[in-house]
Structures are given as structure tokens and as C-alpha cells.
Trainee: 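Please find one structure pasted underneath; my questions will follow.
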Protein chains: 2
Amino acid sequence: MVSAPIAWQTDRMSTIRGARERARIEVTAAIKDEARKQLAEEGAPKLSLRAVARELGMVSSALYRYFPSRDDLLTALIVDAFDAIGAAAEQAAAEQAAGEAPPAERWVAVSCAVREWALAHPHEYALIYGSPVPGYIAPMDTVGPAARVGLVLIDIVRGAYRAGDLTLPPLADGLRADAERMAADFAEGVPPESVAALVAAWAQLFGLISFELFGQFNRVVEEREALFRQTAGELARSVGLRDAGTA
Amino acid sequence: MVSAPIAWQTDRMSTIRGARERARIEVTAAIKDEARKQLAEEGAPKLSLRAVARELGMVSSALYRYFPSRDDLLTALIVDAFDAIGAAAEQAAAEQAAGEAPPAERWVAVSCAVREWALAHPHEYALIYGSPVPGYIAPMDTVGPAARVGLVLIDIVRGAYRAGDLTLPPLADGLRADAERMAADFAEGVPPESVAALVAAWAQLFGLISFELFGQFNRVVEEREALFRQTAGELARSVGLRDAGTA
DNA sequence: TCCAAAGCAAGAGCACTGCTCTCGTTCATG
DNA sequence: CATGAACGAGAGCAGTGCTCTTGCTTTGGA
């Protein structure tokens with residue numbers, strides 16, 4: 001029997017094979033750090049391999065030993081960003097779970113955590129939820145990290161369902177089959193009605209964040225946090241979570 | 001396909017000042033057309049002044065007689081895109097108004113028209129609703145065209161309110177002042193409760209479209225039109241429009 | 001009618017970019 | 001210890017946005 005792949009990876013990481021391998025890991029991390037720094041300052045389109053190399057005191061061609069192309073470096077940053085926003089959501093959910101808060105409140109807390117991460121890392125947010133780079137096709141490595149926020153939201157709904165605290169929203173006929181497939185694929189233990197509403201709420205949540213971050217609310221909305229909180233609460237209700245305000 | 005001319009443009013066009021001026025207008029239009037073509041094929045980041053000039057049989061420096069910089073060319077395309085999606089929304093609204101459809105149905109029709117325009121012009125949509133270009137600040141010329149879709153939605157709600165067909169959604173205390181300001185600024189004749197809900201629904205609508213267009217629904221949602229229709233209907237209800245489905 | 005002023009296209013050139021290739025050097029391992 | 005792989009440096013290619021100069025053409029006023 002072969003051990004789990006995770007364990008095998010940890011094995012490799014703990015077993016330092018030599019100075020060269022360790023240097024490689026360090027340089028790779030340094031490149032990503034510098035790239036992330038430039039990303040935060042100038043944004044993805046301005047991220048330049050040459051500038052990263054320059055700042056690191058090496059020549060541009062040396063960078064290709066670590067990342068075969070600029071897109072691959074971007075992919076690494078994308079994965080990191082998905083992981084970071086996913087971790088922020090998971091942490092918020094964990095904190096709420098400890099306090100035994102009602103599901104709707106946990107939903108709002110997670111939503112706010114996601115929004116706050118986005119406000120703190122606008123360029124990284126734009127990298128993962130903004131316009132995709134044309135010609136760039138997200139490799140499979142990204143789908144796992146990309147799902148983390150969604151899974152947190154699913155968990156909240158599943159918990160509410162198991163506790164009998166979930167009101168089933170209406171479901172259009174044309175959506176039932178797809179909703180059942182989605183439930184089976186990545187939301188086991190959640191009724192299809194809620195899965196469909198959940199996916200819609202998920203997109204709407206990020207719509208609010210994107211509008212705020214991408215400047216669509218400029219000259220329109222001022223009290224953005226209040227609007228977000230209120231709307232996130234209504235989205236919680238729309239997926240069937242009991243209203244937190246009436247508790 | 002020429003975009004809707006602005007007032008002063010029409011003025012100038014009717015008063016032909018000379019061959020030179022006419023040539024200038026034609027060349028400007030040709031540049032925009034070619035740029036739009038390349039935009040549709042490759043996307044905004046790949047849009048190259050030199051390539052546009054090459055395709056038009058002129059030298060790159062000549063292009064600067066018409067657009068002082070690449071950003072200015074992009075601005076022109078942005079204004080056109082806002083105008084186009086605004087026109088699509090207005091047309092859908094006009095068609096629905098002629099048939100005296102209930103407000104919620106008109107809301108859904110406008111939403112679907114916007115979505116369909118987005119699906120037909122993904123790169124232009126990404127240009128106006130995707131990640132903003134870092135360092136690029138939208139000039140004032142864009143705010144008018146950018147507001148058109150929103151104004152169509154406001155009109156529907158205002159019509160429903162005047163007809164006594166509007167249910168007022170709840171409004172958080174922290175939002176009332178801002179909502180009143182918004183109502184005074186650009187939604188006269190609409191109660192503040194509805195304005196706040198309207199702005200949120202507006203962002204959520206585009207969140208759905210962006211998620212679909214930017215690939216976030218890949219491997220998740222299949223029946224995207226059905227999900228959009230259902231959610232647009234619920235958004236209509238969330239701003240207080242009478243449910244169309246129960247008619 | 002003539003002429004200066006303004007508009008225009010072209011070309012050279014600058015400082016960049018991503019990326020490839022070659023050339024010595026250094027390291028890890030059989 | 002010797003050999004092959006990994007590595008950093010540098011030159012070079014094709015492309016980019018943008019500027020400046022150089023002539024030519026059109027335009028509008030004297």
C-alpha cells in the first residue's frame with residue numbers, strides 16, 4: 001500500500017537533500033515574494049519578469065530556471081491568492097463556529113472576511129476574480145484552492161440543514177437536474193434547492209465586492225460596508241438560513 | 001457598426017467643414033473599428049497600437065495624431081462599450097414597455113438583455129466590468145454612458161412605484177442617509193428603501209454575469225441561463241417589484 | 001491670389017518587455 | 001574522482017508604447 005500523497009510531499013520537504021535543493025526553494029520563494037510585492041504595487045499587467053529579477057539582483061534569464069514563463073509565475077501567484085482568501089474565509093468560519101453563532105450570522109461573518117481580504121489585497125483579488133488574461137487557461141492546480149471559499153459557504157448551509165434550521169428556497173424546474181448534479185459533485189448533504197440558491201448567492205456576493213473594488217460604486221455608494229452587510233444578510237436568507245436579526 | 005454619436009459629433013458631422021476634417025473623422029472611426037476588432041479577438045491587454053496601425057496600412061506614430069496615447073484609445077472603446085450595453089438595456093426596456101408587461105418581467109427582460117450583450121461581447125464587457133487597468137483613471141466622459149444600464153433599472157422601479165406596485169424592502173439604519181442622498185442624486189422619485197436595494201441588486205446582477213463570463217462557473221454551473229433568469233427574478237422581488245411568476 | 005500656420009504621415013530612435021540560446025561554472029551523485 | 005545536470009550571466013531577437021524630427025499638404029486669413 002502506498003502512503004497518501006500529502007505525506008509523501010511532507011517527507012520530501014522535511015528531508016533536505018542538499019544545499020542546491022534548499023537554495024532552489026529559497027530562491028523560488030524570494031521570486032514569488034518580490035513578484036507579489038510588485039503585484040500589490042502595480043498590478044498584474046505591469047508585473048515584469050525583468051523587474052523582479054533586477055530587484056533580486058539577478059539577470060532575467062536566470063528566472064526561467066524557476067518559472068518556465070511569466071504565465072507560470074502568475075499561476076503560482078493565483079494559487080497563493082486563492083489559498084489566502086480561502087484561508088481567510090475558513091478562519092472566519094472557525095471563529096464563528098466556536099461561538100455557536102446562528103448560521104446566518106456565520107454566513108455574514110464569512111462574507112465580511114472575504115470582503116476585507118479583498119479590500120486589503122485588491123490586486124490579488126483582481127487577479128483571481130477580475131477579467132481573465134486572454135489566452136491564459138487556468139491549470140488544474142488552481143481549481144482546488146479556488147473552491148475553498150465556496151466550500152466554506154456550503155459547510156454553513158449543510159450545518160444548518162442538519163440542524164433542521166434550513167428553509168428550502170424555491171427551485172425552477174429547469175434547474176433541478178443541474179442542482180442535483182452540483183449537490184452530488186461538491187455539496188453532498190445539501191438539498192438541491194439550496195445548492196442552486198447557494199451558487200447564485202456566491203456569485204452575487206463577489207459581484208458586490210467586485211463592484212466596490214473595481215470602482216463601479218464610485219460616486220454612487222458611500223456606505224459600502226453597511227450595504228454589503230445588509231445584502232450579505234439577505235443573501236443568507238435567500239439560501240434559506242434563518243434570519244439572524246430576528247433572534 | 002458605428003456607435004451612437006454624441007451630440008457635438010452629430011453637429012460636426014452634419015456641418016462638413018472640409019475634406020481634412022471629414023478624413024479625420026473617417027480615420028478615427030477606422031482606428032476604433034480595427035481596435036475593436038482586435039479587442040474582440042485578443043482582449044484588451046493584447047491590443048497593440050502598432051498592430052492597429054499595421055492593419056490600417058499606416059505607421060504607428062501616425063496614430064498619435066488621433067489618440068494621444070493607448071489609454072485614450074482604450075477610453076474611447078470603453079465609452080463605446082458602455083453605450084452599447086446601455087443601448088441594449090434601453091431597447092429591451094422599450095420593448096417591454098410597449099407590451100405593458102409587469103415591472104418584474106421588464107426587470108428580468110432587461111437583465112437578460114444585458115447578459116446576452118455581455119456573452120456576445122466578452123472582451124468589451126471585461127473592459128468595462130472587469131479589473132480596472134492599474135494607473136488608469138476613468139475620465140469624466142465615461143460616467144454618463146456608464147450610468148445608462150443603471151438608469152434603465154431605476155426607471156422600472158420608479159414606474160412601479162408610481163403605479164403603486166412597489167413593496168418597500170427593509171432598510172438598515174446605517175444606510176438611510178446614503179440612500180436618501182442616492183435617491184436625490186440620480187433616482188428622484190424612488191423611495192430610499194428601494195434605491196439601496198436597487199444598487200445592491202445592480203451589483204449582484206453583474207456579479208452573476210461576471211462569474212459566468214470570467215469562468216468561475218466552469219465545472220460548477222451548467223444551466224447558466226436558467227440560473228440567471230431565476231436569480232434575476234428574485235432580485236426583482238428583492239427591490240420590491242411584484243413577482244412575475246405568480247401572475 | 002499668395003503665404004504662413006497648422007495638420008499630417010513617415011521614419012528613426014529610446015527604453016522597455018518576454019523569451020531563447022550559448023557559454024563557462026558549480027554542484028550532486030554514481 | 002569524474003560526469004552530467006543545474007545554474008547564472010550575457011547577448012540577442014522580436015515586439016511594445018511613445019517621442020522627435022523631417023518633409024509634404026491642406027487650410028484660412030491678408
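Note: hydrogens, waters and symmetry copies are ignored here, and every other heavy atom, side chains too, is used. On a predicted model such as this, the values are computed, not experimentally measured, just so you know.
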Trainee: Less than 4.0 angstrom between a side-chain N/O of Tyr66(A) and OP1 or OP2 of dA6(D), yes or no?
Mentor: no
Trainee: Regarding Asp72(A) and Ser69(A), is there a side-chain donor-to-acceptor distance under 3.5 Å anywhere?
Mentor: yes
Trainee: Taking the side chain from Ser210(B) and the backbone from Gly207(B), do they hold a donor-acceptor pair closer than 3.5 Å?
Mentor: no
Trainee: To the nearest angstrom, how far is Glu42(B) atom CD from dG15(D) atom P?
Mentor: 14 Å
Trainee: Between atom CE in Met58(B) and atom P in dC18(D), what is the gap in whole Å?
Mentor: 16 Å
Trainee: Got a salt bridge between Arg229(A) and Glu225(A), using NZ or NE/NH1/NH2 to carboxylate O under 4.0 Å?
Mentor: yes
Trainee: Nearest whole Å is fine: how far is dA10(C) P from Leu56(B) CG?
Mentor: 11 Å
Trainee: Send over the distance from Lys46(A) NZ to dT17(C) C1', rounded to a whole Å.
Mentor: 11 Å
Trainee: Counting any heavy atom closer than 4.0 Å, what does Ser61(A) reach on the DNA or RNA strands: base, sugar-phosphate only, or nothing?
Mentor: base
Trainee: Does the side chain of Ser60(A) get closer than 4.0 angstrom to OP1 or OP2 of dC19(C) through an N or O atom?
Mentor: no
Trainee: From C-beta outward on Ala62(B), which listed nucleotide comes closest to its side chain: dT17(C), dA9(C), dG17(D)?
Mentor: dA9(C)
Trainee: Using a heavy-atom cut-off of 4.0 Å across all strands, would you classify Arg65(B) as base, sugar-phosphate, or nothing?
Mentor: base
Trainee: Give the nucleotide from the list dC7(D), dT16(D), dT17(C) with an atom nearest to the side chain of Arg24(A).
Mentor: dC7(D)
Trainee: Base, sugar-phosphate, or nothing: which does Ser69(A) touch, judged by heavy atoms less than 4.0 Å apart?
Mentor: sugar-phosphate
Trainee: Tell me the interatomic distance from Glu21(A), atom CD, to dA6(D), atom P, rounded to whole angstroms.
Mentor: 11 Å
Trainee: Arg22(A) CZ to dC7(D) C1': how many Å, rounded?
Mentor: 17 Å
Trainee: Can you tell me how far P of dT16(D) sits from OH of Tyr64(B), to the nearest Å?
Mentor: 11 Å
Trainee: Which is true for Leu63(A) with a 4.0 Å heavy-atom rule: it touches a base, it touches only sugar-phosphate, or it touches nothing?
Mentor: nothing
Trainee: Between Asp185(B) and Arg181(B) (salt bridge meaning N to carboxylate O under 4.0 Å), is one present in this structure?
Mentor: yes
Trainee: Counting side-chain heavy atoms from CB outward, which of dT17(C), dC18(D), dG8(D) is closest to Arg50(A)?
Mentor: dT17(C)
Trainee: In terms of side-chain heavy atoms of Arg54(B), which of dA9(D), dT20(C), dG15(D) is nearest?
Mentor: dG15(D)
Trainee: Any side-chain N or O of Arg20(A) under 4.0 Å from OP1/OP2 of dA6(D)?
Mentor: no
Trainee: Filter on side chain to side chain donor-acceptor pair (under 3.5 Å), then keep only pairs touching residues 79-89 of chain A, sequence neighbours left out; what's left?
Mentor: Lys32(A)-Asp80(A), Arg36(A)-Asp80(A), Asp83(A)-Arg148(A)
Trainee: Using whole Å, what does the distance between atom P of nucleotide dG18(C) and atom CG of Leu74(A) come to?
Mentor: 10 Å
Trainee: Describe the nucleic acid contact of Leu73(B) in one word from base, sugar-phosphate, nothing, applying a heavy-atom distance below 4.0 Å.
Mentor: nothing
Trainee: Just checking Phe67(B): base, sugar-phosphate only, or nothing, at a heavy-atom cut-off of under 4.0 Å?
Mentor: nothing
Trainee: Are the charged groups of Glu212(A) and Arg115(A) less than 4.0 angstrom apart, N to O?
Mentor: yes
